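Working notes, structure below.
Everything quoted here is computed from the prediction, not taken from an experiment. In listed order, ligands and their atoms are each counted from 1. Side chains included, hydrogens not; waters and symmetry mates left out as well; all remaining heavy atoms used.
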Amino acid sequence: MHDASARHNAAARTGIWFVGARGSVASTATVGLAAIADGQSPPTGCVTAREPFASAGLPGFADLVVGGHDISVVTMTKRAECLVETGMLPPRLFAATHDALERTDAEVRPGYDPHAAGPDGADGASQQAVAERLAADITSFQERHDLARVVVVDLSSTEPPVEPVPEHDDPEALLAALADPARAVLPASSVSAYAAILAGAAYAAFTPSAGMGLPALARLAQERGIPVAGQDGKTGQTWLRTVLAPAFAARGLKVLSWSGTNLLGGGDGATLADPDAVRSKLATKSRGLTALTGSDTTPLHIDNVPDLGDIKVAWDHVHVEGFLGSRITLQTTWSAHDSMLAAPLVLDLVRLLALAHAAGIRGTIPELGFFFKDPWDSDVHDAAAQAVVLEEWVRRTSAQVRP
Ligand SMILES: NC(=O)c1ccc[n+]([C@@H]2O[C@H](COP(=O)([O-])OP(=O)(O)OC[C@H]3O[C@@H](n4cnc5c(N)ncnc54)[C@H](O)[C@@H]3O)[C@@H](O)[C@H]2O)c1
């Protein structure tokens, strides 16, 4: 068991628990972490590798240990091999991190699939019992690896928006409903979020799924002292939009419309081909631009193009009104391997939530909004303003744990 004094030491060994551990982003983050920790690759793209984060006493890359849940039987190693074949992961790094991937995959436990038959399915255990099983996996991982803390990151497939029920707003009613085996009151992402609370783990929602975003769970996280951040990683097109939109506003120019099209393949592309699941993504993607341009000027399309694999192509057409009603057009083409954008930010979030946990921060951290399309408890979407807020937060919080 780890030393109790490690509780306040942000730099102590930290566990990462990926929900969706065998997916593209989680596998890429695991390869990247192993490569960085081993000196095979510099931490390019990690925000926390630069100042003021680098000297904030965060856990080192070599002090992070990965485990997780998934409902897929395709191993992380196999997933990473596919990412090599699509041209995303360098073969050299795959070879160098192969053993680390195998070790990490051995730490992956079966997740909660409400649609599958079996003990967790509709006619099986209560969601309370499922969450306790998931939480036990996390605490046993923590003990096995002598970790000061664990940060759970939701990287699982995007779920459709939830149908609200009164229990989502009331912690006591929620706990009562969870104990009833005849009811499945939470989507899988929120059962995992509840498991993080039961395990005393910090939590980040990198997806647009409900997760910890239901008011009753957010309250429970706060009451039980869990630091939480979300939601939906702001990695490419949305990040660029929240860089550009404030610039138009600062020049007194009026955005008339901001139309976008996304093409992507891979697991995420396949998931978002479902008209229900894509509604969650469209909602989080539109939030920032609507806030920054002052109106809903953002028609947006997401299409699954399987042969693109993990490459995301995003086209934006921005139509702007200038002096004396003149018209300005900006068109952008963004093309990148989506998981390569997401993975370093996931590692950043883990390191920052480790600091928050060590500092005893409870509940949602709006200052981590920099990382998200739809930041919880924050109206700040401007990427530059978010960067300033984040830096101030890290200085302040780091001073708290290292007086
Ligand atoms: N740039 C990015 O890549 C980016 C940006 C923002 C958000 N996201 C979000 O991150 C998530 C992961 O993206 P990806 O490309 O890795 O997707 P992916 O399809 O490759 O991986 C998702 C993984 O989740 C697993 N899973 C599904 N349901 C589960 C459950 N109930 N419990 C545990 N595991 C479960 C799947 O088996 C799969 O291995 C998606 O929700 C995506 O929208 C990605």
Among all protein heavy atoms, pick the one closest to [atom] and tell me residue, atom and distance.
{"atom": "atom 18 (P) of ligand 1", "value": "S24 N, 4.0 Å"}
{"atom": "atom 27 (C) of ligand 1", "value": "S157 OG, 3.2 Å"}
{"atom": "atom 31 (N) of ligand 1", "value": "Y112 O, 2.9 Å"}
{"atom": "atom 13 (O) of ligand 1", "value": "V25 CG2, 3.7 Å"}
{"atom": "atom 5 (C) of ligand 1", "value": "T235 OG1, 3.6 Å"}
{"atom": "atom 25 (C) of ligand 1", "value": "D70 OD1, 3.3 Å"}

Discussion item. For E172, I'd like to know if atom CD has over 12 heavy atoms of other residues, nucleotides or ligands within 6.0 Å.
Written reply: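 Atom CD in E172 is not packed in, count stays at 12 or less.
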
Find all atoms of ligand 1 within a distance of less than 4.0 Å from any non-hydrogen atom belonging to [X], and give their numbers and elements.
{"X": "D268", "answer": "15 (O), 17 (O), 19 (O), 40 (C), 42 (C), 43 (O)"}
{"X": "D338", "answer": "1 (N), 2 (C), 3 (O)"}
{"X": "A188", "answer": "31 (N)"}
{"X": "G267", "answer": "19 (O)"}
{"X": "T158", "answer": "40 (C), 41 (O), 42 (C), 43 (O)"}
{"X": "S72", "answer": "37 (O)"}
{"X": "D232", "answer": "6 (C), 7 (C)"}
{"X": "F206", "answer": "5 (C), 6 (C), 7 (C), 8 (N), 9 (C)"}

Worksheet item: Which is closest to atom 23 (C) of ligand 1 by heavy-atom distance: G266, A336, G23, A21?
Response: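 Ranked by closest heavy atom to atom 23 (C) of ligand 1, first place is G23.
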
Discussion item. Please compare A26, S189, S156, P110 and report which has the shortest non-hydrogen distance to atom 24 (O) of ligand 1.
Written reply: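 Shortest heavy-atom distance from atom 24 (O) of ligand 1: S156.
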
Under 4.0 angstrom from ligand 1, any heavy atom of [X]?
{"X": "L155", "answer": "yes"}
{"X": "I71", "answer": "yes"}
{"X": "K373", "answer": "yes"}
{"X": "R79", "answer": "yes"}

Worksheet entry | Heavy-atom side-chain proximity of I16 to V150 below 4.5 angstrom |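 I16 does not reach V150 side chain to side chain.
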
Worksheet entry | Close side-chain approach of L353 and I365, heavy atoms under 4.5 Å |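 Result yes, sub-4.5 Å side-chain heavy-atom pair found.
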
Discussion item. Is the ring pair Y203/W376 parallel, tilted or perpendicular, if the boundaries are 30 and 60 degrees?
Written reply: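 Y203 vs W376 ring planes: parallel.
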
Worksheet item: Rounded to the nearest 0.5 Å, what separation is found between the CD atom of E132 and the CG atom of D137?
Response: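 Here the rounded value is 12.5 Å.
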
Discussion item. Quiz question: by atom type and distance under 3.5 Å, do the side chains of E51 and S55 form a donor-acceptor pair?
Written reply: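 Present: a donor and an acceptor within the cut-off.
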
